[in-house]
Number of protein chains: 2
Amino acid sequence: MEKKIFNKFLKERGQKFTKERSAILQRIFSYHGHFDTESLYLKIRETGLKASRASVYRTLNLLRECGLIEKVTKTEHGTIYEYTFGHEHHDHMLCIGCGTIIEFYSEDLERLQENICRRQDFKGVTHSLEIRGYCKRCQKNKK
Amino acid sequence: MEKKIFNKFLKERGQKFTKERSAILQRIFSYHGHFDTESLYLKIRETGLKASRASVYRTLNLLRECGLIEKVTKTEHGTIYEYTFGHEHHDHMLCIGCGTIIEFYSEDLERLQENICRRQDFKGVTHSLEIRGYCKRCQKNKK
DNA sequence: ATTGATATTGAGAATCAGTCTCAATTATGG
DNA sequence: CCATAATTGAGACTGATTCTCAATATCAAT
Ligand SMILES: [Mn+2]
Ligand SMILES: [Mn+2]
Ligand SMILES: [Zn+2]
Ligand SMILES: [Zn+2]
């Protein structure tokens, strides 16, 4: 399914659906969640498939333009992406203690943001809300 | 006022309030808003004061720890900070067209976020909400 | 004011994610 | 199969940020 979408996207731009791009897409699809560029690159090597770092970076940009993945956040160690096709929009809590990412979605929150944009004559396209703090477990460990 | 705070912060850690740190703080204070590291560095040179890039980076980190400034966002061209002391908390809309930053604050939004955290047993410390889209002017220009 | 212990500075080296180069290779429509 | 244009990958490059370390500045105690 996602292959079809990517293929169509590439065709429309006169670009090619190569082995490397296929390998990258396949691996990302296997995550069904968050991943960073370097892990992705290493995972691909591990599994015998091949694609250079350059191709991984290039393909991630294509997949983003195509709408299959999104940047979640930039850490000191690189950009974190997530596979979004077939996943509902959501925002993130990030535990400062252990790095855990909690996903959440609130209809009220989304609606409220739309109202705020309207009030400012701003046409919102995307947004990212990241709440940093301590997860349940890390709160306990601190005591 | 902000000098006093920074000074106290440094003393408590056995650190020194040097000419360079003073120059950097002074310049930041003159912005009363958003700024990026490189502009800050250049501005300091322009005005005859002196501080190396290394000192600017080091001092920005200190000021952040001290709570006088905050990171707003990371762009491809570097980190953007803002002076927060004496300014109320707010979030940002970022125009994809022209780069304009609009600040906004919503009591409802803040309260809603707190509720969401509570529901997940998450202890929120900070958050950043960035809405990307098109400002009033850029919406017009597109037509 | 002098001293001494400690923190800071700055020039340039180092780091590191991400991008670019370009010659060799591959996909694709006909 | 062919021709053409896109892609690949190794390694060079970029640009922001951090690190190194010898020279210098700060400051509390004398
Ligand atoms: Mn997610
Ligand atoms: Mn602001
Ligand atoms: Zn945690
Ligand atoms: Zn605009």
Less than 4.0 angstrom between a side-chain N/O of B/Ser55 and OP1 or OP2 of C/dG10, yes or no?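 Yes, because at least one side-chain N or O of B/Ser55 sits under 4.0 Å from OP1 or OP2 of C/dG10.
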ask   = Given C/dA17, is OP1 or OP2 found less than 4.0 Å from the side-chain N or O atoms of A/Thr79?
value =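 The answer is no; no side-chain N or O of A/Thr79 sits under 4.0 Å from OP1 or OP2.
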Starting at [atom1] of [X] and ending at [atom2] of [N], how long is that distance when rounded to a whole Å?
| X | N | atom1 | atom2 | value |
| --- | --- | --- | --- | --- |
| A/Ile44 | D/dG9 | CD1 | C1' | 14 Å |
| A/Lys71 | C/dA17 | NZ | P | 14 Å |
| B/Glu76 | D/dT17 | CD | C1' | 16 Å |
| A/Leu49 | D/dT8 | CG | P | 14 Å |
| B/Glu38 | D/dT17 | CD | C1' | 11 Å |
| B/Arg45 | C/dT9 | CZ | C1' | 12 Å |
| A/Lys50 | D/dT7 | NZ | P | 15 Å |
| B/Tyr41 | C/dG10 | OH | C1' | 9 Å |

| said: Determine whether A/Tyr134 and B/Phe122 satisfy the following criterion, ring pair (Phe, Tyr, Trp, His ring centres under 6.0 Å), listing intermediate values before the conclusion. | reply: CA-CA 6 Å; A/Tyr134 295 94; B/Phe122 190 84; 8.0 Å; no
Contacts of A/Arg53 and B/Tyr57 projected onto DNA chain D by closest heavy atom; the upstream (5') one is A/Arg53
On DNA chain D, more 5' by nearest nucleotide between A/Ala54 and A/Leu62 is A/Leu62
**Prompt:** Just checking B/Arg21: base, sugar-phosphate only, or nothing, at a heavy-atom cut-off of under 4.0 Å?
**Reply:**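 The residue B/Arg21 makes sugar-phosphate contact but no base contact.
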Which of D/dT17, C/dG18, D/dG9 is nearest the side chain of A/Glu20? It is D/dG9
* Got a sec? Which of residues 1-19 of chain A come in under 4.0 Å of DNA chain D, heavy atoms? ->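 Heavy-atom cutoff 4.0 Å gives A/Gly14, A/Gln15, A/Lys16, A/Thr18.
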Practice item. Treating Ile, Leu, Val, Met, Phe, Trp and Tyr as nodes and any side-chain heavy-atom pair under 4.5 angstrom as an edge, say whether B/Leu40 and B/Tyr83 lie in one connected cluster. Key: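 Same cluster: B/Leu40 reaches B/Tyr83 through Ile, Leu, Val, Met, Phe, Trp or Tyr contacts under 4.5 Å.
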* Asked: Where does the angle between the aromatic ring planes of A/His34 and A/His90 fall among parallel (under 30°), tilted (30 to 60°) and perpendicular (over 60°)?
  ->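 Because their plane-to-plane angle is over 60°, the rings of A/His34 and A/His90 count as perpendicular.
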Quick note, side chain to side chain donor-acceptor pair (under 3.5 Å) partners involving residues 3-12 of chain B, not counting sequence neighbours, are none
Rounded to the nearest 0.5 angstrom, the CD-CG distance for A/Glu110 and A/Leu129 is 9.0 Å
* Less than 4.0 Å between a side-chain N and a carboxylate O, is that true for B/Glu70 and B/Arg64? ->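 No, no charged N to carboxylate O under 4.0 Å.
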Under 6.0 Å between ring centres: does that hold for B/His89 and B/His127?
yes
Does A/Arg58 contact D/dG9 through a side-chain donor or acceptor facing the base, at a distance under 3.5 Å?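 Under the 3.5 Å cut-off, the side chain and the base do form a donor-acceptor pair.
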